[in-house]
Amino acid sequence: MTRILDVRQKILKQNDETARAMRARFHDAGTFVCDLVSSPGAGKTELLTYTMRELRERGMTCAAVVGDLATNNDAERLATSGAPAKQILTGTMCHLEADMVAESIRGWDLSTLDALFIENVGNLVCPATWDLGADKRILLFPVTEGEDKPLKYPTLINTADLVIINKLDLAEAVGFDRELAIHNVERVRPDVPVLELSVRNNAGLEAWMNWVVHHVAADVPVAPAEASSF
């Protein structure tokens, strides 16, 4: 058991070192980076497709990498936004690691990107301890998963900088108690911002885009830097 723990600590240490190097390069390039986490089917891909299309219409540049155990389906959906998107196939791994992200964006001129979105593998356990070098981590959970979702996954929600309650258009149909859900978020992670969204009926999207654009605008390099590649 001690050996297994030692090996895991070594792997996490190496991942953290890679993530720190990536974060520094993202900062130097002026690229705002988001790590989106959720369970499968929570709506990450739909929200990101909308977001990247909207950013491009506002004259901003963006790209995405997306992790899945198999298939290129999500990357193909994200590419319909008109922005670059790459798939990371993890096989049996239920999370992304920093070196996977670094390899997937190798050769990209980061200085040309205002924003980079990392769509993590659909899982609310494994991604919690893996830093990907992102500026912000966003947790999505849909109304279809119930109000107690934050209480069931406290480790992950405690790493989130923003919580999104998604698929509001289904709230009435599933009897979702939004006040209880927000209360549960507050119990686990006090003062974390919460947004309530539905891409299908445009609910809350203006607030979401304001959040994204604010952070993109704030994430500018202190001085011009050479293009980074990993």
Side-chain angles (χ1 to χ4, degrees), residues 33-54 62 64-81 85 87-90 93-96 101 115-130 132 134 136-178 180-186 188-189 192-205 207-209 211-212:
V33 184
C34 275
D35 173 22
L36 278 81
V37 294
S38 77
S39 58
K44 295 189 301 297
T45 305
E46 182 178 44
L47 178 60
L48 281 186
T49 302
Y50 166 86
T51 303
M52 293 197 297
R53 184 181 296 118
E54 183 69 17
C62 55
V65 295
V66 52
D68 274 309
L69 274 67
T71 82
N72 294 318
N73 293 350
D74 284 351
E76 291 173 359
R77 290 174 61 194
L78 289 171
T80 65
S81 69
Q87 188 78 46
I88 302 174
L89 298 180
T90 64
M93 295 182 63
C94 57
H95 62 274
L96 291 177
V101 176
L116 173 66
F117 298 98
I118 303 169
E119 182 180 333
N120 219 312
V121 180
N123 191 290
L124 287 177
V125 179
C126 301
T129 54
W130 297 90
L132 302 182
K136 300 291 182 182
R137 171 172 280 178
I138 301 172
L139 169 64
L140 285 80
F141 76 91
V143 300
T144 51
E145 293 181 358
E147 302 85 356
D148 61 347
K149 182 65 64 174
L151 303 180
K152 290 183 176 180
Y153 299 95
T155 302
L156 185 54
I157 195 172
N158 272 303
T159 68
D161 300 291
L162 175 70
V163 174
I164 292 177
I165 300 174
N166 201 23
K167 302 189 179 183
L168 279 185
D169 51 299
L170 301 176
E172 184 176 355
V174 299
F176 183 75
D177 186 336
R178 60 173 299 277
L180 177 57
I182 293 173
H183 172 71
N184 288 338
V185 170
E186 181 71 16
V188 179
R189 186 153 172 76
V192 68
V194 178
L195 295 179
E196 301 171 76
L197 306 180
S198 170
V199 179
R200 295 295 175 89
N201 65 12
N202 295 320
L205 292 179
W208 159 245
M209 290 306 305
W211 187 92
V212 173

Practice problem: State the CG-CZ distance between Leu168 and Phe176, to the nearest 0.5 angstrom. | Solution: 7.5 Å

Quiz item: Do Arg200 side-chain atoms and Asp169 backbone N/O form a donor-acceptor pair below 3.5 Å?
Solution: no

Quiz item: Can Asn72 and Leu89 be said to form a side-chain contact (heavy atoms from CB on, under 4.5 Å), step by step?
Solution: CA-CA 8 Å; Asn72 294 318; Leu89 298 180; 4.2 Å; yes

Exercise. Can you spot which of Leu195, Ile165, Leu36, Leu162 makes a side-chain contact (heavy atoms from CB on, under 4.5 Å) with Leu140?
Key: Leu36

Self-check item: Single hit among Val66, Val65, Asp35 for side-chain contact (heavy atoms from CB on, under 4.5 Å) with Asn120
Solution: Asp35

Exercise. Before giving the answer on side-chain contact (heavy atoms from CB on, under 4.5 Å), spell out for Ile164 and Trp211 the whole-Å C-alpha distance, their side-chain angles and the decisive distance to 0.1 Å.
Key: CA-CA 12 Å; Ile164 292 177; Trp211 187 92; over 6 Å; no

Self-check item: Pairs touching residues 144-157 that satisfy salt bridge (charged side-chain N to carboxylate O under 4.0 Å, His left out), sequence neighbours left out
Solution: Glu145-Lys149, Asp148-Lys152

Quiz item: Could you give all pairs that pass the salt bridge (charged side-chain N to carboxylate O under 4.0 Å, His left out) test and reach residues 65-80, with sequence neighbours left out?
Solution: Asp74-Arg77

Quiz item: Would you say Arg137's side chain and Asp161's backbone share a donor-acceptor pair under 3.5 angstrom?
Solution: no

Quiz item: Do you know the tightest heavy-atom contact between Phe141 and Ala181?
Solution: CZ-CB, 4.3 Å

Quiz item: Hey, which of Asn123, Val188, Leu124 is the one that makes side-chain contact (heavy atoms from CB on, under 4.5 Å) with Tyr153?
Solution: Leu124

Quiz item: For Gly122 and Lys44, which heavy atoms make the closest approach, and how far apart are they?
Solution: CA-NZ, 4.0 Å

Exercise. Return the minimal non-hydrogen interatomic distance between Lys167 and Pro142, and the atom names on each side.
Key: CD-CB, 3.9 Å

Exercise. Let me see the working for Trp130 and Met93 under side-chain contact (heavy atoms from CB on, under 4.5 Å), right down to the final yes or no.
Key: CA-CA 12 Å; Trp130 297 90; Met93 295 182 63; over 6 Å; no

Quiz item: Which atom pair, heavy atoms only, marks the closest approach of Gly67 to Gln87?
Solution: C-NE2, 4.0 Å

Quiz item: Has the side chain of Asn184 got a donor or acceptor atom that lies under 3.5 Å from a matching backbone atom of Pro150?
Solution: no

Quiz prompt | Closest heavy-atom pair and its distance - Ala79, Ala85 | solution = N-CB, 4.1 Å

Quiz prompt | Any Leu139 side-chain heavy atom under 4.5 Å of Leu156 side chain | solution = yes

Exercise. Would you sort out whether Glu196 and Ile182 count as a side-chain contact (heavy atoms from CB on, under 4.5 Å), showing the intermediate values?
Key: CA-CA 10 Å; Glu196 301 171 76; Ile182 293 173; 3.8 Å; yes

Self-check item: Spacing of CD belonging to Glu119 relative to CG belonging to Leu47, to within rounding of 0.5 Å
Solution: 9.5 Å

Quiz item: Does Arg53 reach the side chain of Thr80, with side-chain heavy atoms less than 4.5 Å apart?
Solution: yes

Quiz prompt | Distance (rounded to the nearest 0.5 Å) between Thr51 OG1 and Glu46 CD | solution = 10.0 Å

Quiz prompt | Heavy-atom closest pair, residues Leu197 and Leu205 | solution = CD2-N, 4.0 Å

Quiz item: Should Glu54 and Trp208 count as side-chain neighbours, where that means a heavy-atom distance under 4.5 Å?
Solution: no

